[in-house]
Amino acid sequence: MTDKEMLFEYLLRLGDNCVILSQRLAEWCGKAPVLEEEMALMNVGLDLVGQARLILDYAGKVEGAGRDEDKLAYHRDAQDWRNLLLVEQPNGDFAVTMARQLYFDLFQQLQFEALVKSKDQTISEIAAKSLKEIKYHVRHSSDWVIRLGDGTDESHERMQNALDQLWGFTPEMFDMDAVEQAMVDAGIGVDVSTLRDEWDARINAILTEATLKRPDVTWEVRGSREGKHSEHLGYLLAEMQFLPRAYPDASW
Amino acid sequence: MTLPAPQYDKAAVGAILEMVKDPEIPVLTVEDMGIIRDVDIEGEKVIVSITPTYSGCPAMEHISNDISTTLKLHGYGDVEIKTVLSPAWSSDMITERGRERMREYGIAPPSDVGSKGAMLGIDPVSCPQCGSQNTSIVSEFGSTACKALYKCNDCMEPFDYFKCV
Ligand SMILES: [Zn+2]
């Protein structure tokens, strides 16, 4: 891969997480547990759409093949997506959605804090802008995990199950490979493997406060870097991409 | 009717930008919101740089069209709207007049410059209706990305709080 191709690939990894997670959150529209929470989930999703647009717009320019943010979002098939397996997992019950959110929010916060120092000015600016939003996301998801964990017997049990169910998708966040390393060497990216300890420490503190146990799960699954996704991504894309693919010139 | 010929200086353009309202809080102008980052004049071309409040703010496209349309209605034929991200918008950029107008409109303005306490739930947020500081948060996320939902424990009114970011 050329430097340009590496950077494009790296931007897809950053941007695709935001697209896919925002689409998942949008599925809660009209059926969140309470109105305030519906607004919260939609707001978090909207922030992620905004971040995705900034990142994919830049990715399209870096690639230089005439693909804009919409083209990248609506005209790529599953094997071309680079989002983490975690964010494409189905919403499940509210506890599953919050577990997924907490795992990702904390990771994204650490990743973007480091990206503020990126030598790539656009990445640095997008990271600084997004961090203001991410701080709210982290507080929202950690508050809920604590509230549900330290709540009733049922909410505690469901929260624990949700954390256990998704834990095996988290190691992938901290994987390094040739692209990640090239970005680190160029001063553009962050060494995600170094974020693990801080992420662990923050998760542990939240789980302790929530009276929950750190998941004791040994399986791990990965593959998004090579475009190997769970079966859920295809269904998500089918719904998200249907309209612009069926009616290519649709606008409002 | 003939319009006065457009004047190609920052002050004249600035005066026209004063007419452009924030579509979500129509008592505020885009200037009040601190969205206008810069105005540049290159010959007969006007370049307005704006910055988004939140990266996903759906009002930005609307605002950008409004600015362009308003300037065109005033005779400026060549208008370019640029979006800049850095330095990232902060609620500190809302002008004093903007805060006052917000309060009158029934939205609690973001905590004062330098005080990040309210964001962490330390400083009390004052009720825009009765001024009481005996208020509590209902939801961190309100009717738009930039607002949180509060209620006043004295006059019992719910109200929006413009988040401090
Ligand atoms: Zn009151």
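These numbers were taken from a predicted model, which means no experiment stands behind them. Quick note on labels: first sequence line is chain A, next is B, and so on, each numbered from 1.
Using cut-offs of 30° and 60° on the angle between ring planes, the pair His137(A) and Phe141(B) is tilted.
The structure places CG of Asn43(A) at 7.0 Å from OG1 of Thr144(B), a figure rounded to the nearest 0.5 Å. Asp47(A) contributes atom CG, which lies 10.0 Å from atom SG of Cys57(B) (distance to the nearest 0.5 angstrom). Here the straight-line distance linking atom CD of Glu36(A) with atom OG of Ser139(B) works out to 6.0 Å at 0.5 Å rounding.
By the neighbour-count criterion of 12 heavy atoms within 6.0 Å, atom CZ of Arg82(A) is densely surrounded, having more than that number from other residues, nucleotides or ligands. The number of heavy-atom neighbours closer than 6.0 Å to CZ of Arg53(A), taken from other residues, nucleotides and ligands shown, is 12 or below. In the displayed structure, Glu61(B) atom CD is contacted under 6.0 Å by at most 12 heavy atoms of other residues, nucleotides or ligands. Counting non-hydrogen atoms of other residues, nucleotides and ligands closer than 6.0 Å to CG of Asp200(A) gives a total above 12. Annotation for Arg245(A): atom CZ counts as buried by contact number, over 12 foreign heavy atoms lying within 6.0 Å.
Taking every heavy atom of both residues into account, Leu46(A) and Pro58(B) meet most closely at CD2-CD, 3.9 Å.
Interface remark: Ile126(A) contributes backbone and side-chain atoms alike to the contact with chain B (heavy atom separation under 4.5 Å).
Under a 3.5 Å cut-off, the side chain of Lys129(A) and the backbone N or O of Pro52(B) do form a donor-acceptor pair.
Evaluated for a side chain to side chain contact (heavy atoms under 4.5 Å, CB included) with Lys132(A), the options Cys164(B), Ser90(B), Ser55(B) yield exactly one hit, Ser90(B).
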